[in-house]
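Everything below concerns the one structure shown next.
Remember, it's 1-based here, ligands and their atoms both numbered in the order they're listed. Just so you know, residue 1 is the first one in the sequence shown, and it goes up from there. Note that the structure is predicted; figures quoted are calculated from it, not measured.
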Amino acid sequence: MKLVTFELNGKECVGILSDDEKQVCATKYESMLELIKSGERPEAGEAMDIGEVKILAPIPQPEQDIIAVGVNYKDHAEESAGHLDDCSEDKKTTYFGKHVNRAVAPGDPIEAHEDIESDLDYEAEFGIVIGKEARYVKAEDAFDYVYGYTIVNDMSARSHQFSRSQYFYGKGLDNFTPMGPCIVTEDEFERPPKLAIKSFVNGELRQNSNTELLIDGVAALIEDLSKAITLRPGTVIATGTPAGVGLGFNPPKYMKPGDVVRCEIEGIGVLENPVVASAELFKK
Ligand code: MG
């Protein structure tokens, strides 16, 4: 089942996408978090053409910061080796909180923050959405705690990421977390999911990998995190990005206002956003 959050006449609602993705059926839930916490299976109500509604990020305002994984594909570790302190294979998994005031909807602008940053980078990531409270979960049970999967673009302000001793500022800028277009429920994919993951900038293929190449997969991440941290329903884990980010090119291929970044994951969909200057977004 593909679930979306949409807006119609100023109200948010959770909907179920039709198989051809041309229609969305309303449900009784006003937010994805309400649905996930209910533990219920949503029933399809009135069907509308998808063009009649505004699709939002599936969880527009996460209750907590996104849990992001630092380096979780071998090829990205290699391209990052000159930029990050330690990308060696024996290092424990790096996690950081990605602050998100409001997740960016499919098609909506990524804010360029041109007054403070010129090294704007994209990171297509497979996002895990937790379905029920998880503490001390063994890897073999981990998929029972997954509600579904989405796409996260872990936008990064590289100069701030590397010039400050923590990632909070460089990863947590406003309008820096595109998410969507939907959540695909866990039962739709094999365990673990083996899905093509790609990104494009202005139509040029940049990242091209598969979630089966994650160093720490879904089960390992949930086991490791839940040894110490209670994962709540609706928590999003961004599992890291494969090689091909702007940083990995020589010279780097950073983005600028006017560029369009497109992230794709097989079976989930397409998340495409333009980069727009802050001055453009906020001019009166
Ligand atoms: Mg990332």
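- Remark: R262 is not positioned above the aromatic ring of Y122, lacking an NZ or CZ atom under 6.0 angstrom from the ring centre and at most 45 degrees off the axis.
- Residues meeting the side chain to side chain donor-acceptor pair (under 3.5 Å) test with D19, sequence neighbours left out: none.
- For the Mg ion (ligand 1), protein N, O or S atoms closer than 2.8 Å were enumerated as E123 OE1, E125 OE2, D154 OD2, with waters left out.
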Problem - Test ring pair (Phe, Tyr, Trp, His ring centres under 6.0 Å) applied to Y149 and F126, step by step - result: CA-CA 7 Å; Y149 302 102; F126 181 54; 4.7 Å; yes
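- Between F176 and H113, the angle of the ring planes goes over 60°, which puts this pair in the perpendicular group of the 30/60° scheme.
- Closest heavy-atom contact between P192 and F143: CA-CZ, 3.7 Å.
- A donor-acceptor pair is defined here as one N or O able to donate and one able to accept, closer than 3.5 Å; no such pair exists between the side chain of E212 and the backbone of K194.
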